[in-house]
Chemist: 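Handing you this structure, nothing more for now.
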Amino acid sequence: MDYLQIKKVKSLSGNIKISGAKNASLPLIAMTILAKNSVSIKNLPQVADIRTLLKLLSNLGAECNFHDDKVVVNTSSLAQTKATYDIVKTMRASILVLGPILTRFGHCEVSLPGGCAIGQRPVDLHLKALEQMGAIIDIKSGYIEATAPNGLKGCDIIFDKITVTGTANIIMAAALANGKTTLTNAAREPEVVQLCEVLNNSGVMIEGIGTAILTIHGTNSKLLNIEGFTVIPDRIEAGTYLCAGAITRDELTLTNVNAGHLGAVLSKLEEMGSSFSITKDTITIHPSKVIKSVKIVTQEYPAFPTDMQAQFLALATQANGTSIIEERLFENRFMHVSELQRMGADISLNGHVATINGGTKLSGTDVMATDLRASSALVLAGLVADGVTDVHRIYHLDRGYDALEKKLEAVGANVKRLKE
Ligand code: UD1
């Protein structure tokens, strides 16, 4: 197994190119199931989750040619409708094939994703909405079996809770449904917006894009002609490198980034003392020498993202004063706290609220990555910790960060990928 060895950094400087967004790429790849043509997607990140979803589609019979940051997917040969446990267990987002396969073939089986490190993460809202659209759902032997022999029908759906992949699943299911689906309390994440825009350009009229009420006019089983497109930049990867600049107090420039997707993150970094120069596709962080404490509550977009909580928690360990971070989305998303405590951080946890007394000196040691974003928080801490930090179990990190150690090394960090 690989691990990352990080030595305390002298200083960082230069440019980091941001990759395409993992969380946009996944639904967009699943969306190719709705196409009658070969779909070309550019600016995909080289991360394990993308390879996993492409493998899942290939196993079902699709042709996927993935080179560099581009894939061409042809799902016309897709013949199977069962996503098996061996793949789904490695990536919960595999559930994204349920909506498109069901709406196209009238049948789909997907292994139940089960719990994961950051919480239970049920998919009940996806299933309830599909039932409202006329699907018959049966859960047996660890599988969701969904059938809709006469196709899905548009209807009015109100999500009890905002769910990102749930919204994407229902948008894709509604795209080929018979009639109009109105989805209320929909997720407004930029990744959902891109899915809507691509579908809208492919003959599925969608109203309310970027709002909490989406109206999707289904094509009544007519497959789509989807033109090639480029995935939006990864706002979470960008936010992570902005935190690298803030925690080391070094100026960094991110390229291929969209500051418009990073409002809440930039605003919290500003509260902590940083300022920014922004162009159409770059952000330069001018960090302050003194990091100020902060109060953060994670919520759905456009509020502060749960996927940036761990990185800000690492940053808060170096702030002057006491920061409070409240996690509202996932019940168990503080596993990085005990690892940061082992490095000397002063953090106390009370339910979903972390209180961080900043200004402690961190020291390098062996730490364990517990989930994707927790991993990058440990890397950030390692950049400023005295001595050497070994981050183990980085297969979590490899799921979602494209060449993290290479990107950090190129701006002056001492990060090496080693074998256990
Ligand atoms: C997506 C992102 C993930 C991010 C999360 C929240 C992808 C591939 N992943 O995950 O990086 O951390 O959004 O921004 O885009 N819930 C239910 N029932 C459901 C579905 C969700 O109770 O059927 C709950 C979840 O347990 C959680 C909340 O709703 O508490 C939000 O989860 P959701 O938005 O669905 O997260 P994901 O789409 O899995």
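Fair warning: this is a prediction, and the values are worked out from it, not measured in the lab. Note that ligands are numbered from 1 as they come in the structure, with each ligand's atoms numbered from 1 the same way.
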Chemist: Considering only N or O atoms, set out every pair between ligand 1 and the protein closer than 3.5 Å, with distances to one decimal place.
Modeler:
unit_1, atom_1, unit_2, atom_2, d
ligand 1, 10 (O), R121, NH2, 3.2
ligand 1, 11 (O), N23, ND2, 3.0
ligand 1, 11 (O), D307, OD1, 3.4
ligand 1, 11 (O), D307, OD2, 2.6
ligand 1, 12 (O), D307, OD1, 2.6
ligand 1, 12 (O), D307, OD2, 3.4
ligand 1, 12 (O), R333, NH1, 3.4
ligand 1, 15 (O), N23, ND2, 3.4
ligand 1, 18 (N), P122, O, 3.4
ligand 1, 18 (N), D124, OD1, 2.7
ligand 1, 23 (O), P122, O, 3.3
ligand 1, 23 (O), D124, N, 3.1
ligand 1, 23 (O), D124, OD1, 3.2
ligand 1, 23 (O), L125, N, 2.7
ligand 1, 30 (O), L329, O, 2.5
ligand 1, 34 (O), V164, N, 2.8
ligand 1, 35 (O), T163, OG1, 2.7
ligand 1, 38 (O), T165, N, 2.8
ligand 1, 38 (O), T165, OG1, 2.6
ligand 1, 39 (O), R121, NH2, 2.9

Chemist: What I'd like to find out is whether the side chain of I33 reaches to under 4.5 Å of the side chain of M172, using heavy atoms alone.
Modeler: no
Chemist: Provide the closest heavy-atom pair for V231 versus N43 in the form atom of the first, atom of the second, distance.
Modeler: O-ND2, 2.9 Å
Chemist: Just checking, is any N or O donor in the side chain of N225 or N37 under 3.5 Å from an acceptor N or O on the other one?
Modeler: yes
Chemist: Measure the acute angle between the ring planes of Y3 and H392, then classify it against the limits of 30° and 60° as parallel, tilted or perpendicular.
Modeler: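 Parallel: the ring planes of Y3 and H392 meet at under 30°.
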Chemist: Side chains of R373 and Y401: is there a donor and an acceptor less than 3.5 Å apart?
Modeler: yes
Chemist: Is the closest side-chain donor-acceptor distance between Q309 and H336 under 3.5 Å?
Modeler: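 Result is yes, a qualifying pair exists.
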